[in-house]
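Below you'll find the structure, written out as structure tokens, and then a few comments.
Worth saying up front: this structure is predicted, and the values here are computed from it rather than measured. Residue numbers begin at 1 in each chain, while the letters A, B, ... track the order of the sequences.
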There are 4 protein chains.
Amino acid sequence: MPKLGMEPIRRAALVKATIEEIGEQGSLDVTVARIARRAGMSSALAHHYFGNKERIFLAAMRHLLAEYSAEVRDALIAAQGDPRARVAATLRANFGPSNFRSEVVAAWLNFYVLARTSEPAARLLRIYHRRLRSNLAHDLRPLLGAGASDAAERLAALIDGMYLKQGLAGGPADGPAATRQLLAALELELK
Amino acid sequence: MPKLGMEPIRRAALVKATIEEIGEQGSLDVTVARIARRAGMSSALAHHYFGNKERIFLAAMRHLLAEYSAEVRDALIAAQGDPRARVAATLRANFGPSNFRSEVVAAWLNFYVLARTSEPAARLLRIYHRRLRSNLAHDLRPLLGAGASDAAERLAALIDGMYLKQGLAGGPADGPAATRQLLAALELELK
Amino acid sequence: MPKLGMEPIRRAALVKATIEEIGEQGSLDVTVARIARRAGMSSALAHHYFGNKERIFLAAMRHLLAEYSAEVRDALIAAQGDPRARVAATLRANFGPSNFRSEVVAAWLNFYVLARTSEPAARLLRIYHRRLRSNLAHDLRPLLGAGASDAAERLAALIDGMYLKQGLAGGPADGPAATRQLLAALELELK
Amino acid sequence: MPKLGMEPIRRAALVKATIEEIGEQGSLDVTVARIARRAGMSSALAHHYFGNKERIFLAAMRHLLAEYSAEVRDALIAAQGDPRARVAATLRANFGPSNFRSEVVAAWLNFYVLARTSEPAARLLRIYHRRLRSNLAHDLRPLLGAGASDAAERLAALIDGMYLKQGLAGGPADGPAATRQLLAALELELK
DNA sequence: CATGAATGAGTTTTCATTCAT
DNA sequence: TATGAATGAAAACTCATTCAT
């Protein structure tokens, strides 16, 4: 017997299953049928809720991005007003346990690929990119002045590079090591 | 009008077409039929020469890696013995016109994804990763001592991050800008 | 107009179509597409229900074997306890109208070939072989003692030989003639 | 440098390779390319000599049949005029080491299947069938009179049944055991 | 005599998506 | 709300066969 109010539950289950499936498979070549089975429903229902496969992927991306944003936001709140602490907090947030998990990194990498095909996916990724860079630049400005923007660019690229490295390694993610490297780079940027 | 000695010509044409196709499509979801057509032959012939699709991809990766290695090697020769010049040359080589072309970057990104599925692809990528890091570390050692290894890691990750950024941007690649950022980072590493 | 509970109907239709197709074609070189069309559905649906071609073949074999076993069983029941009547009944059952039809014989012959490639098919055929021989031997024991086993072997081989002959002839099967020969052989075995 | 007079050598090599390949593969699903490679030549050359695949198969059948006939003929010569000895010799010849080899049996079985598709193959097999039966009947006539024909039919079918059994078993062929059974059946036929 | 080159045609299998229930 | 039924379209891969050399 179908229940009322299932929609958000189903959608969340599908998003979760999508990320797990992509993470496990290491590729966007996952079938709607498998995602749906993992989420405990038929593929027809998955289509009912999302319309098509691309939209399932987009929802998963949005979920990851939202989780990521929340983690950064929390870190910034904790850092209060101190610019240097804020930059460090932003960097750290990228490698916290909820973002820098092996399967999330894998999904992330694949969404970069998706972005080459799907304009909405590209848009989402660009938003994330811009926001990260502008956050960093904003907090680096008082410390570095005109050079803040380039420094932000470098730090952001370094983060992405660390993700890529982790994506290639395949094993469990070593967040602390990555964090250490980022903080060292920050140190250098600040002389 | 079959001719003798076509094999190397056909193989090269297929490798070239594969990179172009992946670059254009922005995804590994390219068909052997399309690659073959672009290379001017039937898909059956492509299979005849490579056996299967994965092996076509691997040949394309090997080609890119070889091109890359050649560029780095040439740059190092030009830099002669000076460590600092050698590091700078290595960094520059990554963003030279033959490596940092839009379609090559796209192919590259996709090979990272392929590496999650195909062990041979992962092996190739790991070799490249290790070599880049050890090259950098070797030349940084006289300049930085114990910190050379971490610095090499950061510079290498920064390179990858720049590729990722370019991959996302999609437009024509701006090698000089990327080079500038890398040289700035090197400056910082060397105090 | 999809209906519920189609699975058993579809499976049965595919099994039937497979036997007909093999019988008509006289070879295992039948395509799933043709089988499916004959069964009134798309080849995709055939795959949905059976997974792959081999499993379609195996289901067809199992069907034939089950039909065969049922016919033998019924004949044995009718023969009651009398050993000689039981042996005769077993022999007759092999050439009854449901087993000794031209297309069934053709399918049978092809399953012998399939058994050389597919272990599950070989297993099925071995079971049938063993069962036939042990049934015969069991009922011949009281009549022939130690020689029962060899006699069973001969009668069983004779049955197979008759199938082979029919398979080669190609025309409509002449069950009564085959039965007559088998019963004559039985006569000889029993002196 | 191509040599003169290669034709019979090439043809023989192809026939041999065909039988081996079918025997090994246990199926007619062997490719011309594999047969040719096994015979040490290109598939193009195989086509040059035989025109098409079916004709390669037919040549292999003819070869087997000729070998078989020779063995029977030799046995009959050895048996001289004695009818009973001639029948026994004919039976024995079927299970001699050159005919009753595992791979030959496998090829044989597959040619039965081929005969359902290829009229020339069917013709060859019918000739063999008829000749075996008429040979047996001819020699049984002085011993059994009117019953000779039926007895010949039974013995011939028994031979085929033994081949089929061996074909299913798959292991090395046990000629002596089969011979023993055939001679026992002959014994029974002759009272 | 001999072969590498080449392909058209075909086959299995997969999958996103739709629809009646 | 939920799903089993159903399929069109596509893709990888295979192979007999042909042909120029």
Between E/dT3 (C1') and B/Leu4 (CG): distance, integer Å: 8 Å
Would you say D/His48 places a side-chain N or O within less than 4.0 Å of OP1 or OP2 belonging to E/dA2? no
B/Met41 atom CE is separated from E/dG8 atom P, nearest whole Å, by 14 Å
Nearest-nucleotide wise, let me know which of B/Ser43 and A/Gly51 is further upstream toward the 5' end of DNA chain E. B/Ser43
Atom-to-atom span, CD of C/Glu21 to P of E/dT11 - whole angstrom: 11 Å
Return the value, rounded to whole Å, for the distance between atom CD of A/Gln25 and atom P of E/dT14. 13 Å
Nearest-nucleotide 5' precedence on DNA chain E, B/Pro8 against C/Ala33: B/Pro8
Check the distance between F/dA6's C1' and C/Arg11's CZ and give it to me in whole angstrom. 16 Å
Output the single nucleotide from F/dA11, E/dA2, E/dT17 whose closest atom is nearest the side chain of B/Lys53. F/dA11
Among E/dT18, E/dA6, F/dA12, the nucleotide that comes nearest once only the side chain of A/His47 is considered: E/dT18
Just verifying a value: how many Å separate B/Trp108 CH2 and B/Ile22 CD1, rounded to the nearest 0.5 Å? 12.0 Å
Would you give the length of the straight line joining atom CG of B/Leu28 to atom OG of A/Ser27, rounded to the nearest 0.5 angstrom? 8.0 Å
When you check the phosphate oxygens OP1 and OP2 of F/dA11, does a side-chain N or O of B/Arg34 lie under 4.0 Å from one of them? no
Select one nucleotide: of F/dT18, F/dA6, F/dG4, the one nearest the side-chain heavy atoms of D/Ala44. F/dT18
Would you mind reading off the distance between B/Asp29 atom CG and F/dA9 atom C1', rounded to a whole angstrom? 15 Å
Heavy atoms from C-beta onward define the side chain here; which of F/dA6, F/dC15, F/dA5 lies closest to that of C/Arg10? F/dA6
Electrostatic pair C/Glu67-C/Arg62, nearest N-O below 4.0 angstrom: no
Looking only at F/dT1, F/dA16, E/dT12, the nucleotide nearest the C/Thr31 side chain is E/dT12
Is the shortest heavy-atom distance from the side chain of D/Leu64 to the side chain of D/Ile19 under 4.5 Å? yes
If you check every side-chain atom of D/Leu45, which of E/dA2, E/dA6, E/dT17 has the closest atom? E/dA2
If only side-chain N and O atoms of A/Tyr49 are considered, is one of them under 4.0 Å from the OP1 or OP2 phosphate oxygen of F/dT1? yes
Would you compute the distance between atom CZ of D/Arg116 and atom CG of C/Asn110 and round it to the nearest 0.5 angstrom? 8.0 Å
Determine which nucleotide pairs with F/dG4, using a 3.5 Å limit on both distances of a Watson-Crick or G-U wobble pair. E/dC19
Minimum-distance nucleotide (side-chain atoms of A/Met6 versus F/dA2, F/dA12, E/dA6): F/dA2
Can you check the B/Ile35 CD1 to F/dC13 C1' distance for me, whole Å? 14 Å
Tightest non-hydrogen contact, residues A/Gly23 and A/Ala106, listed as CA-CB, 3.8 Å
Nearest-Å distance, CG (D/Leu14) to P (E/dA2)? 11 Å
Return the 5'-most residue of the pair B/Val30, C/Gly40 with respect to DNA chain F, ranking by each residue's nearest nucleotide. C/Gly40
